[in-house]
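Working notes, beginning with the structure itself.
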Amino acid sequence: MSGPASGGASDPVGPEASSATGRELGHGAVELVFREEYGRIVASLTRRFGDLDLAEDAAAEALAVALERWPVDGVPANPGAWLVTTAGNRALDRLRRESRRETKQEAAVMLHDDTPHAPTGPIEDDRLRLIFTCCHPALAPEARVALTLRLLGGLSVAEIAEGFLVPETTMAQRITRAKRKIAAAHIPFRVPAEADLPERLGAVHAVLYLIFNEGYLATSGVSTRDDLAVEAVRLARLLHGLLPDDVETAGLLALLLLTEARRPSRFGSDGALVPLGEQDRGGWHRELIDEGHALVRTCLRVGRPGRYQLLAAINAVHTDAPSGADTAWDQIVQLYDQLVALDPSPVVRLNRAVAVGEVDGPDVALADVERIGLTTYHPWHVVRAELLRRLGRGAEARGSYDAALALIDNPGEVLYLTRRRDQLAGPPAESSSARENPLP
Amino acid sequence: MPQFMLSVHHDPAEDERMGAMTPEEMQPIFEAVDAFNTALQADGAWVFAGGLQPIEASTCVDNTGESSIVTDGPFSESKEYLGGFWIIEAADLDTALAWAARGSRACQGKVEVRPFQGE
């Protein structure tokens, strides 16, 4: 990197920028590399200059240079390092140009932590610092999600706004406000102290899981937002790479992989949701499943189960079964028992009831479900409907499907549940569930 | 180093419970707050702190118009009001939040952490 005295736009030259000359390179390819490296660029510059806005602006300038130069000069041998260096030089240029240099450097002191961490402490990586800044508990949860996708994921504001169905201006304001709070409230750019790490990491996991879930089963409009799910997997992989010894992070990654692996079979050709038991298991991503299973085995060896590890283990049992009918439901009930001990929330107990229904029968499960009584949560109605259906109580099942449908706006799910309801003959008033009832 | 205000807001919903507390019951809280103050001073984080008289003792002055107008009572109609505060120095928000957690435990009240403007 050229020294600060050289002045001018000092982009890296030399061997690292001269390879692959003449290769055909479209904007799309450059932008793909840029997005992949965006978090690294922003994190590195934020550590150096202590200013998120400066880091983002310089990253955008580096992209502009890459779009101009790479198609002509070829892609540098190490595109990430090239982008970081170029963006760093652009940031320095900008600081020199601006009379606000002193202010900027003071801002750097506010955000940047110089104190060396104990060598045995958490692994240092600028992106790890950035993750903890983006997911700081002093920020509103929706701001944490937006910042993580923007600063680490490199998604554009427009993409994030689309992902969460809010106007772009709203999302831009949300991100600007969050960045302003980071600076004004002195939210640090560092890995939390060891004592705070489990809790702070829990906040990071929650953000990634939320991004994934919104992608996996969108709350409205379209059935899935694949880009959000893919992004969550990428960020979980990054976090696992940065904290390889943290078993809950491994558990979260496994959970996302084992869920994501089933995506190709989750919707039928007509767009209707296909429940797990009826999915074409040949369509599942085998590589993702193998990777997820390996992570679950690692977690089991460590033997410190947490929420995400248990959810991953449950999904490992599902993805291990050659067919829905071969699922080891007794194992799943045992895992849910452990999960309920950690987190006795109604949603966890509802999921446990589904597994109980497979082991102890629908009547036992229905009693559990009635006790849980989550009437504003559509899966509660769906589970209830399925159990009532198995018990031959068609009219009541119908009512439960209707109650579920009234709460949702996901096209694939609406189609599936409507069809499921309509298979039950007759209007809800009549007791005409005989055709559905397997008993003579 | 950045400065933060750690403020404790008096909640009228708590009036009854607090009013019913005997001096013997209050004593451990006073002691805990004293210990917290001592810890702040020992660490060098202490700038200033104080507890405020009840809101009935407040008076408003408005000299934005032609003449200064003095009125009885608080500025805001809000039911909650500032009961006391600490002003501390901390390297960053995480450090300030850790102090706030100790302060909240000591005074048995919610603590709001707010940074001062620079310069």
Side-chain angles (χ1 to χ4, degrees), chain A residues 46-47 50-52 100-117 121-122 124 128-140 143-144 147 177-204, chain B residues 1-11 32 35-50 76 78 80-119:
Chain A
T46 303
R47 185 180 48 69
D51 185 323
L52 285 169
R100 288 158 60 215
R101 183 175 177 180
E102 272 131 311
T103 322
K104 287 289 182 192
Q105 284 189 338
E106 192 171 328
V109 178
M110 298 193 319
L111 201 60
H112 175 207
D113 165 45
D114 283 321
T115 53
H117 287 264
E124 289 305 307
L128 193 56
R129 295 167 184 251
L130 187 57
I131 289 173
F132 283 109
T133 303
C134 290
C135 300
H136 199 280
L139 299 169
R144 297 178 209 168
L147 274 183
R177 209 177 296 135
K179 286 198 288 191
R180 212 178 288 146
K181 176 157 186 187
I182 288 172
H186 309 285
I187 290 178
F189 184 68
R190 65 173 159 88
V191 176
E194 199 85 52
D196 299 332
L197 203 51
E199 199 188 328
R200 294 285 306 278
L201 207 43
V204 174
Chain B
M1 194 179 300
Q3 294 189 337
F4 296 85
M5 180 162 84
L6 275 46
S7 55
V8 183
H9 289 258
H10 175 91
D11 180 357
F36 176 62
N37 289 341
T38 308
L40 282 171
Q41 284 159 356
D43 188 80
W46 170 280
V47 178
F48 183 72
S76 125
S78 157
E80 289 195 6
Y81 61 85
L82 188 63
F85 58 87
W86 291 274
I87 294 168
I88 65 162
E89 279 190 343
D92 57 40
L93 185 67
D94 284 3
T95 313
L97 294 179
W99 281 119
R102 290 175 66 176
S104 169
R105 177 59 60 94
C107 75
Q108 291 294 303
K110 262 191 227 171
V111 173
E112 179 183 319
V113 179
R114 205 161 153 194
F116 276 84
Q117 288 181 346
E119 307 305 279

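All figures in this text were calculated on a predicted structure; none of them were measured in a lab. Just so we're on the same page: letters track the sequence lines, and every chain starts at 1.
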* Could you grab the distance from atom CG of Leu97(B) to atom NE2 of His186(A), nearest 0.5 Å is fine? => 12.0 Å

* Asked: Roughly how far, to the nearest 0.5 Å, is CG of Asp196(A) from CG of Asp94(B)?
  -> 7.0 Å

* Atom CD1 in Ile182(A), atom CG in Asp92(B): separation rounded to 0.5 Å? -> 12.5 Å

* To do: Locate the shortest heavy-atom distance separating Ala185(A) from Pro115(B); write the atom from each residue and the value.
  => CA-CG, 3.5 Å

